[in-house]
Amino acid sequence: MKVEIQNLTKRFGQKTAVDDVSLTLTSGVWGLIGANGAGKTTLMRMLAGILTPTSGRVLCDGADTRALGEAWRDMLGYLPQHFGFYPEFTVADYLEYMAALKGLERDFAHKKIEELCDILSLTRVYKNKIKKLSGGTQRRVGIAQAMLNDPEVLILDEPTSGLDPGERVRFRNLLSEFARDRIVLISTHIVSDIEYIAAENAIMKDGRLIDVGTTEQLLRAVEGKVFTALVPDGLLAQTEREVRVVSLKNEGGGRTLVRYVADAPLLRGSEMAEPRLEDLYLWLFKDERRQEDV
Amino acid sequence: MFRLEIKRLLKTRSTIVLAALALAASVFFAVNFVLDDGKSVESRAYLPYTNGLEAIAYLKGIFEDMGGYVTPERIEEMSRFCDEALSTYQSFDAMPEDVFDRYVANMEVLSRVSYGDSDYYQRRNESIEYTASQVPNEAVAEAAAELNSHVDEPFYWEYGFGSSDVGQTWNICLFVLCLIATVIAAPVFSQAYATGEDGILRCSKYGRGRLARTKILAVYSFCTALFLICAAVFSGILLLAFGPDRSSAQLKISQHVLINLNMNEALALFILSGLLTMLASISLTMWLSSMQANTVMVLVISAAALALPMFADHYLDYPVADWVRLLLPGGGTGLQNGMYYELSNLRFLAIGSFAIWTPFVMLAVPVVETPVFALLTRQTYIKHEA
Ligand SMILES: Nc1ncnc2c1ncn2[C@@H]1O[C@H](COP(=O)(O)OP(=O)(O)OP(=O)(O)O)[C@@H](O)[C@H]1O
Ligand SMILES: [Mg+2]
């Protein structure tokens, strides 16, 4: 099972949202990382077939997915970044409806729905109207929907946003089990999510794919560029302006441990640190404004 | 899938409210008609009843043995009776009750045949010929004469629900039903676009053509069922109150009706035409709905399309007005247009030497438009990209 993205480009008027992206996806969890507006959603929408590319194509085991049509959608599970529900539907109604749309047998569908609701902690709200559920719960309903048909290709656009830490852990476990012989593509800003579950990562910037590889491979780029230093609280504001700060941790005694990325140690008393994906992210997107959820 | 789609329609509170409203409207129009129009007869003879049901009971009595073919001889006979009754008693008050009743009954029938002109059938043919010749196209006069030559004389008259007002009342009721069906159909696609539900739906195996087809069929089925129930309620109330009516449409709707049609058949024709019109209207609505996410906008445009034929006659000239009125999906309904008016108005659509009576057009247009709009809806939905 192999999905090849070939020279995919999407332009909205003057704006090139996805710029000549080529990537071959094989079994496993793929993380798609990039700042706001990098083109992750646009790329995923083209993969799912709800957006026509300006040029380029997507092949599934050699066949153009646009030509495959129904057959492609049959092996696809998709959760958009923004989605809604029919206001009068309960979780049960909705999942039953989606199962029918995915062509599942009724008995099989019921078993599958029960199973997914159990894993995604939806059993308690099964009879509730979706409209009245919390944002995180709605997203879990969305995830359940995407996984109903045991998709061979699962595309999840920011599935973890809005999930509480407990649910996030359960979700990670669910995915790593699920992805054994399937392709799962997840976009997220929550780098730690990907760090734990994604075998391979693809990094997008301004519509282009700038790097692809396993976490270890990618981290080599920031090897020796991550430092920690203790800084007196009084200098904190100035420090934040001078270096690319990854995290701050109050150490007490009027001092703060600053973790930052830079080509060379910039602060007095800096010590090299073990790089993490988060560091890489900030390194790659050092020109961009810092996002709140990073 | 179809079952779930219907279930989804039925789960929508607004749909249920609208269906109830449609039913209430049918009952209201029918009951109102019985109570109001039951009191009067065309001849406007004095009737001492304030309640339609009492009047109907009285009229049923006096018309008991009036049913039959209205031959020239009978016309003459009835005229003679009325003249004599009037000259003998000078006023209604002076007439004995049985004479008055017979007078009312005879006058009512006579009112349908130019008040006792024994040349009625001749006059009718002349009137058709004259009206048809007003159009500067000979094909029209020819077509009218051709159609009229197949109309059987003499006409039949009996007491029943039929009167010119039943057509108008049905017309208004139909307009309300069409509006309600439009409101039901408007969100079918646009709501999913607006809520963002669409992205998920269209990525599922059957989320494209099959979903579109299922949604369209579900709306058709629901609206047709609702329509038939409402039409059954409407005509049921009329039939219960007045009884059926085998009278020729020429005597109860208009002398210009150009086919053999009794009032029972006319009612069925009104309902059939209404159903087709409704289907065409909601097909247009669904097409608009598949184009954009704004349900309100869909509604406004659909309602405008439904109302447009009403204004066509006011603001456009012949023959453009006729074309506009008949080709729009809502042509079969409106306050001043609909099957009843087409039957009465003796109009033709003419292309060169070919002329066709507008009631036929009114039936044919939605039969063509409905599948065309449905296919367009499906295509538009499949191609839609947010
Ligand atoms: N329908 C559209 N019309 C015009 N421009 C669009 C459209 N969709 C996306 N864009 C533009 O394309 C670019 C990429 O957007 P996209 O949503 O793919 O980014 P993203 O990586 O998913 O961002 P985020 O992290 O905020 O979700 C943005 O600049 C956006 O403004
Ligand atoms: Mg996005």
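Only heavy atoms go into these numbers, but all of them, side chains included; no hydrogens, no water, no symmetry mates. Naming: A, B, ... by sequence-line order, numbering from 1 per chain. These figures come from a predicted structure and were not determined experimentally.
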For this session: Please say whether more than 12 non-hydrogen atoms of neighbouring residues, nucleotides or ligands are located less than 6.0 Å from CZ in A:Arg182.
Result: yes
Seminar exercise, completed: Cut-off 4.5 Å, heavy atoms of chain B, and the answer for A:Gln145 is side chain
Problem set entry | Residue A:Pro151 versus chain B: region with a heavy atom under 4.5 Å | neither
Seminar exercise, completed: Between A:Glu88 and B:Thr12, the two heavy atoms sitting closest are CG-CA, 4.0 Å
Seminar exercise, completed: Taken to the nearest 0.5 Å, the spacing of B:Glu197 CD from A:Met98 CE works out to 8.5 Å
Exercise. Out of A:Leu76, A:Asn149, A:Leu101, which residue meets the side chain to side chain contact (heavy atoms under 4.5 Å, CB included) rule with B:Ser204?
Worked result: A:Leu101
Exercise. Taking everything shown except B:Arg8 itself, do over 12 heavy atoms lie less than 6.0 Å from its CZ?
Worked result: yes
Exercise. Got more than 12 heavy atoms from elsewhere within 6.0 Å of CD, B:Glu385?
Worked result: yes
Problem set entry | Exceeds 12 heavy-atom contacts within 6.0 angstrom, atom CE of B:Met297 | no
For this session: Verify the neighbour count for atom CG of A:Asp181: are there more than 12 heavy atoms of other residues, nucleotides or ligands below 6.0 Å?
Result: yes
Problem set entry | Reference residue B:Leu201; test side chain to side chain contact (heavy atoms under 4.5 Å, CB included); the match among A:Tyr97, A:Tyr86, A:Phe83 | A:Tyr97
Seminar exercise, completed: Correct closest heavy-atom pair for A:Tyr78 and B:Cys203 would be CD2-SG, 3.5 Å
Exercise. Any chance CD of B:Gln379 has more than 12 other-residue heavy atoms, nucleotides or ligands included, within less than 6.0 Å?
Worked result: yes
Problem set entry | Options B:Arg208, B:Arg202, B:Gln191, B:Arg210, ranked by heavy-atom pairs under 4.5 Å with chain A, top entry | B:Arg208
Problem set entry | Gap between atom OG1 of B:Thr195 and atom CZ of A:Phe89 - 0.5 Å precision | 10.5 Å
Exercise. CH2 of A:Trp30: more than 12 outside heavy atoms within 6.0 angstrom?
Worked result: yes
Seminar exercise, completed: dist B:Lys205:NZ -> A:Lys102:NZ (nearest 0.5 Å) comes out at 11.5 Å
Seminar exercise, completed: Output for pair (B:Leu4 CG, A:Arg106 CZ), nearest 0.5 Å, gives 7.5 Å
Problem set entry | Heavy-atom pairs under 4.5 Å with chain B, option from A:Glu96, A:Met75, A:His82, A:Arg45 with the top count | A:Glu96
For this session: For A:Glu70, look at atom CD and say whether over 12 heavy atoms of other residues, nucleotides or ligands are found less than 6.0 Å away.
Result: yes
